[in-house]
Amino acid sequence: MTDPAALIDDLDARGLVQDCTDLDQLRARLAEGPTTVYYGCDPTADSLHVGNLIGLLVLRRFQDAGHRPVALAGGATGMVGDPSGRSEERNLLDEATLASNVAAIKAQIGRIIDFSDQPGAAVLVDNLDWTREVRLLDFLRDVGKHVTVNQMLARESVKTRLQSEHGISFTEFSYMLLQAHDFLWLHEHLDVELQVGGSDQWGNILGGVDLIRRVRGGVAHGFSWPLLTAPDGTKLGKTTGARIWLDPARTSPYRFYQHWISTDDRQVRQFLAQFTLLSLPEVEAIVAEHGASPERRQAQRRLAHEVTALVHGEQAARDAAAASAILFGAPVADATPAALGLVAAEVPTRQVTRGELEPGLDLAELMAHDGLLSASKSEARRTIVQGGASINGVPAQSGVSVGLADLLHDRWILIRRGKKAYAMVVCEP
RNA sequence: GGGUCGGUGCCCGAGUGGCCAAAGGGAACGGGCUGUAAACCCGUCGGCAUUGCCUUCGGAGGUUCAAAUCCUCCCCGGCCCA
């Protein structure tokens, strides 16, 4: 992508531009030469999730186009809590938790963006570094004076919360000022001229753009991409537990891969464009091929491979694909030891000894153990009663146990719940 | 600070002394149909246990044979007033 202006067109064509301060002005600025872009995420957990992946990939696209990305881990803003997209006040995290979260997140960001020591190399910052020492009076005078409460109240996220019975604390209300201050600081110290974020961040981004103009008389840009939606276009219930994490300890590469495999036809083009680094012509070719025979799920397979490789590496993506082929393909009983070993590495496992297996282990007990496949024993039992559980591919009856006789190749037992959830019992010889 | 309304299961929300593990909706989960899809249909949806038992309705006490429902105090929030 040698033509700098092409970057914006590319982002636009990928459906990544929802709002922009001034698209033409931004194009013109990018045409002048390399700039510095920033994207931030708050360390609310010890891992990022796929929602953050879009932002990291946008930074990556800028980096690939010759610009310098700044990734911000919000050690300070995380202490306050962003009210955007939230119907209720957040629980505050303590400083130690936040610090370890920031460390974990930094590692994940490093896998998507290149921080190596080269000209124009990416920078990773933590806003706690410059926010911790800010004194309250200075902040009120230097930042607060430039913003009217009238504007702040007009914010959609604030309005919603004002109308809700939970209200909004001053802490969260102040969040937008902190983020605006971040942009200002980055503008002054790292020459950041552009902030990007999901559309829920649009108000916060504009706050920073305004602040920079008022305080420095400087020009800064911002744009946002649309938030992920459900296949039918409705809002995604993001508070539900269905989050897909980048941390392999939270979401195994196999589960991660499967998440993308399950993509709805209606969204597969969008996801290929937004979650992979494939060129748009490639994406269109894949989509066209998929359209010709959707039942083959070629687009989903490619999507799953690309994203898994980006986050977990090429080998992990291949292993996940191989494991999927076994679990959704040939009868389990025919699987080779090598294949089963691969599966065992990709799905949740339970180690047992021959001694434990000898008298037989209750299936429901096994499925519920440490949440292996079910949240509770009752839930596991229900699944079994409903015919949703199987041992080595054979539907399980209520009350059955697994024992030494079930071992495949004298080592493994494959348990399935429903159509997609697998776990492996591993018996060390 | 005063008045007033409210805090129910993952979420929303009914319930105002026993028939309440608690209506209804959403989410989620299992089955059917399929393409590891969508839509649709059926079922499940606090926990443990083979009729049953245990823990839940902001928190702590109390009244009662019996409380999510009544009383007291406390915590949290909305609205109005100051």
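Quick note on labels: first sequence line is chain A, next is B, and so on, each numbered from 1. Values reported hereafter were calculated over all heavy atoms of this structure, with side chains retained and with hydrogens, waters and symmetry mates removed.
Comparing A/Ile261 and A/Ala368, the nucleotide of RNA chain B nearest to each residue sits closer to the 5' end for A/Ile261. Toward the 5′ end of RNA chain B lies the nearest nucleotide of A/Thr383, the other residue of the pair A/Thr383 and A/Glu295 mapping further downstream.
Nucleotide B/C70 is matched to B/G62 when pairs are restricted to Watson-Crick or G-U wobble geometry with both distances under 3.5 angstrom. Base pairing of B/C48: its partner is B/G52, meeting the Watson-Crick or G-U wobble criterion (both donor-acceptor distances under 3.5 Å). Pair assignment for B/C57: none, as no Watson-Crick or G-U wobble contacts are both less than 3.5 Å. Pair assignment for B/G24: B/C12, on the basis of Watson-Crick or G-U wobble contacts that are both within less than 3.5 Å.
A/Arg297 comes within 4.0 angstrom of a nucleotide base, judged by non-hydrogen atoms across all strands. Heavy atoms of A/Asp265 sit under 4.0 angstrom from at least one base atom. Using a 4.0 Å heavy-atom criterion, one finds that A/Ser324 contacts the bases of the nucleic acid, with or without backbone contacts as well. A/Ser262 comes within contact range of no nucleotide atom at all, as no heavy-atom separation falls under 4.0 Å.
Only A/Arg417, A/Gly418, A/Lys419, A/Lys420, listed by number, bring a heavy atom of residues 412-426 of chain A to less than 4.0 angstrom from any atom of RNA chain B.
Between A/Leu303 and the choices A/Ile261, A/Leu272, A/Val283, the side-chain contact (heavy atoms from CB on, under 4.5 Å) rule is met once, by A/Leu272.
Using atom P as the reference point in both B/C48 and B/G17, the two lie 34 Å apart (nearest Å). Taking the P atoms as reference points, B/C71 lies 32 Å from B/G25, given to the whole Å. Taking the C1' atom of each, B/G6 and B/U69 are spaced 15 Å apart, rounded to whole Å. Taking atom C1' on both B/A23 and B/G13, the two are 10 Å apart, rounded to the nearest angstrom. For the P atoms, the distance from B/G24 to B/U72 is 34 Å, rounded to whole Å. With P as the reference atom, B/A27 and B/C20 are 27 Å apart, rounded to whole Å. Between the P atoms of B/U8 and B/C57, the separation comes to 11 Å (whole Å). A distance of about 22 Å separates the P atoms of B/C42 and B/A22, rounded to the whole Å.
We find that A/Glu428 and A/Arg411 are joined by a salt bridge, their nearest charged nitrogen and carboxylate oxygen being less than 4.0 Å apart.
A donor-acceptor pair under 3.5 Å links the side-chain atoms of A/Arg416 to the main chain of A/Gly418, judged by distance alone. For A/Asn127 (side chain) and A/Ala76 (main-chain N/O), a donor-acceptor pair under 3.5 Å exists by modelled atom type. Using modelled atom types, no side-chain atom of A/Arg381 and backbone atom of A/Ala364 make a donor-acceptor pair closer than 3.5 Å.
No hydrogens or angles were tested; on distance alone, a donor-acceptor pair under 3.5 Å links the side chain of A/Gln258 to the base of B/U36. Side-chain atoms of A/Arg296 stay outside donor-acceptor range of the base of B/A37, with no qualifying N/O pair under 3.5 Å.
The side chain of A/Arg382 approaches B/U44 more closely than any other nucleotide in the set B/C48, B/G35, B/U44. Listed nucleotides: B/A38, B/A49, B/G30. Nearest to the side chain of A/Asp264: B/A38. Relative to the side chain of A/Gln300, the nucleotides B/G35, B/G43, B/A37 differ in distance, and B/G35 lies closest.
Using modelled atom types and a 3.5 Å distance limit, the side chains of A/Asn204 and A/Gln201 yield a donor-acceptor pair.
Taking side-chain N and O atoms only, A/Ser376 has a distance below 4.0 Å to OP1 or OP2 of B/C48.
Counting only residues at least two apart or on different chains, the side chain to side chain donor-acceptor pair (under 3.5 Å) pairs with a member in residues 288-301 of chain A are A/Asp265-A/Gln300, A/His290-A/Gln300.
In this view, A/His146 and A/Leu211, A/Arg214, A/Val215 satisfy the side chain to side chain contact (heavy atoms under 4.5 Å, CB included) rule, not counting sequence neighbours.
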